[in-house]
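We're numbering straight along the sequence, starting at 1. Note that ligands are numbered from 1 as they come in the structure, with each ligand's atoms numbered from 1 the same way.
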Amino acid sequence: MATATTTTTASEGDAGVIAVVRVHARVRREGAVEGVVAAVKMRASASASMDARAGAELTSDAGPPSTADALLRRECDRVYVADVEWRPGAVRSRRLLPWQFVVEARAYRVSETREEMTTTTIASNNEGQTTVACEKWVLPSLDFEGAWESLEFDDDGVKSRLLAYASTALIFSKSGVRQSVVAWNRVVLLHGPPGTGKTTLCKALAQMLSIKFSDVFDESFLIEVNAHSLFAGVYSESPKQVHRVFKQIRELAENGNALVFVLIDEVESVAAARTSAMSANEPSDTIRVVNALLTQIDALKSKPNVIVLTTSNLTQAIDLAFVDRADIKCFIGPPGFNARYNILRSCVQELIDRRLLHGAAPVDLDDCTASNCPTSLALRTAVQATDGFSGRTLRKLPFLTYSSVGSGAQCSVQTFLRALTVQAKSELNDRLQLKRT
Ligand SMILES: Nc1ncnc2c1ncn2[C@@H]1O[C@H](COP(=O)(O)OP(=O)(O)OP(=O)(O)O)[C@@H](O)[C@H]1O
Ligand SMILES: [Mg+2]
């Protein structure tokens, strides 16, 4: 069973504090959790400064390693900054001095458990047909490790807002705030063009919250509902199928000590089905299945330990029935210049770490040496050629580029970055061609 514990040194009145740095430690064995949290605190408070970027490793300062360092090395796979919460009005900086931050330390063990939840429907030949209706992960899961830090948005308030919203919803639930007095739902809708990170953000959010609330809930799960499976089977079977799927979810949520995230990805596939059924004047099963789904979402809303996460590809015209149910509706657009730079920079760094490229990595945009660093300038040129690309396309671009230079370990970062610009322009051309045909 995955476990985690937490401690915080945050205090509202701390003079000079501009940020809460959330440091996470992934431990190898359950018994190490308590000791690791204490060691993280010790290491952080002994640091001359803190790297305030999500994903930064908590490294020891120069000098002889302390007992805390030795313990962290022995017990942890990774100790890293998961997230930084800036105080309102704070001037952000890459490195924080000891009096500028407080640390929230958490240690957790990841689970590798991932199960398919199946249901049996009657197919058109009247035979029983087994459908994979959902996938279930025990959180925190190995599958979602690093997802939160890997997401880059120009408006980095997107992640903080979602985390703060979902945390507040859970705190209200746990405190027993009466919904009849203060109303809130636990339904999130992320919408935007394809490949902008919506699904990844939902899964990463569930992972973050499972770690954050591990001292409140004994266990956490993420259930991903396969929206297409809801239309499986013969006509009259579909609403029953919805019922079966959500029955399993409700059973899981019966345990008030379990935190349950329900992800309904590409919710528009359900909504679109309703619109087309209505326009075809077809008072069919399709409408009943959508209505059944909406009823089930409403039923889940009353469970204080359930958060429903939905995503949609449609930027306009999302079915109003879904929009109305969501407390928080967040548009996730294509990444801007800074986010694109950071995504491609992380790809170049990965190839250097794996010894597939040699040479100096481009530096951070806010690094004062960025304007003189040749690889950073070359990366800027490549990034300029990627305007309008989604995060998904950007993460594929380095692979295509590497296969185009084809020189293996001989490839320098500079050569690679020049090829990256060429590849980006070629990708843009391909898109224009596709639009014309
Ligand atoms: N802003 C981003 N920063 C970093 N990586 C990103 C970003 N957006 C997308 N990616 C990467 O692109 C891939 C696809 O993302 P994801 O599937 O979450 O997008 P999506 O918005 O759900 O797409 P779709 O609408 O097609 O379902 C993932 O590997 C993700 O990490
Ligand atoms: Mg998606």
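Shortest non-hydrogen contact noted between K174 and G256 is NZ-O, 3.9 Å.
For atom 17 (O) of ligand 1, the closest non-hydrogen atom on the protein side is R392 NH2, 3.2 Å. Scanning the protein heavy atoms around atom 23 (O) of ligand 1, the nearest turns out to be G195 N, 2.8 Å. Protein heavy atom in closest approach to atom 22 (O) of ligand 1: T199 OG1, 2.8 Å.
For atom 21 (O) of ligand 1, the nearest non-hydrogen atom from the set K198, H191, K159 belongs to K198. Of the candidates S150, G146, A204, S150 brings a heavy atom nearest to atom 4 (C) of ligand 1. The closest non-hydrogen atom to atom 27 (O) of ligand 1, taken over E266, K396, R395, R340, comes from E266.
For ligand 1, the atoms closer than 4.0 angstrom to any heavy atom of T200 are 15 (O), 16 (P), 18 (O), 28 (C), 30 (C). Each of the following atoms of ligand 1 lies closer than 4.0 Å to a heavy atom of G197: 8 (N), 9 (C), 15 (O), 16 (P), 18 (O), 19 (O), 20 (P), 21 (O). Atoms of ligand 1 lying under 4.0 Å from at least one heavy atom of E152, given by number and element, are 1 (N), 2 (C), 3 (N), 4 (C). Within the listing of ligand 1, atoms 2 (C), 3 (N), 4 (C) sit less than 4.0 angstrom from a heavy atom of I343.
Atom CG of D218 and atom CG of L259 lie 11.0 Å apart (nearest 0.5 Å). If you take CD on E145 and NE2 on H24, they are separated by 10.0 Å, rounding to the nearest 0.5 Å. Interatomic distance, OG1 of T386 versus NZ of K425, reported as 11.5 Å (0.5 Å rounding).
Looking at E224 and K203, a side-chain N of the basic residue comes within less than 4.0 Å of a carboxylate O on the acidic one, giving a salt bridge. Using a cut-off of 4.0 Å between Lys/Arg side-chain N and Asp/Glu carboxylate O, E112 and R114 are scored as not salt-bridged. Salt bridge status for R109 with E75: absent, with no side-chain N to carboxylate O gap under 4.0 Å.
Under the 4.0 Å distance rule, the nearest protein heavy atom to atom 10 (N) of ligand 1 falls inside the cut-off.
Partners of R53 under the salt bridge (charged side-chain N to carboxylate O under 4.0 Å, His left out) rule, at least two apart in sequence or in another chain, are D51, D364.
Contact annotation: P335 has no heavy atom less than 4.0 Å from any atom of ligand 1. Not a single heavy atom of A339 lies less than 4.0 angstrom from ligand 1. At least one heavy atom of N313 sits less than 4.0 Å from an atom of ligand 1.
For ligand 1, the polar-atom distance check against G192 finds no nitrogen or oxygen pair separated by under 3.5 Å. On a distance-only criterion, L201 and ligand 1 share no N/O pair closer than 3.5 Å.
Note: F221 and W137 fail the aromatic proximity criterion, with ring centroids not under 6.0 Å apart.
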Would you sort out whether R395 and S390 count as a side chain to side chain donor-acceptor pair (under 3.5 Å), showing the intermediate values?
CA-CA 9 Å; R395 290 219 178 268; S390 69; over 6 Å; no

Could you please spell out the steps behind the side chain to side chain donor-acceptor pair (under 3.5 Å) verdict for S47 and R43?
CA-CA 6 Å; S47 299; R43 154 101 317 280; 3.1 Å; yes

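A cation-pi arrangement is absent between R22 and Y80 under the rule of less than 6.0 angstrom and at most 45 degrees off the ring axis.
When side chains are defined from C-beta on, L394 counts as touching R340, because their heavy atoms get closer than 4.5 Å. At least one side-chain heavy atom of V348 sits under 4.5 Å from a side-chain heavy atom of L357.
At a cut-off of 2.8 Å, measuring from the Mg ion (ligand 2), the protein N, O or S atoms that fall short of it are T199 OG1, waters left aside.
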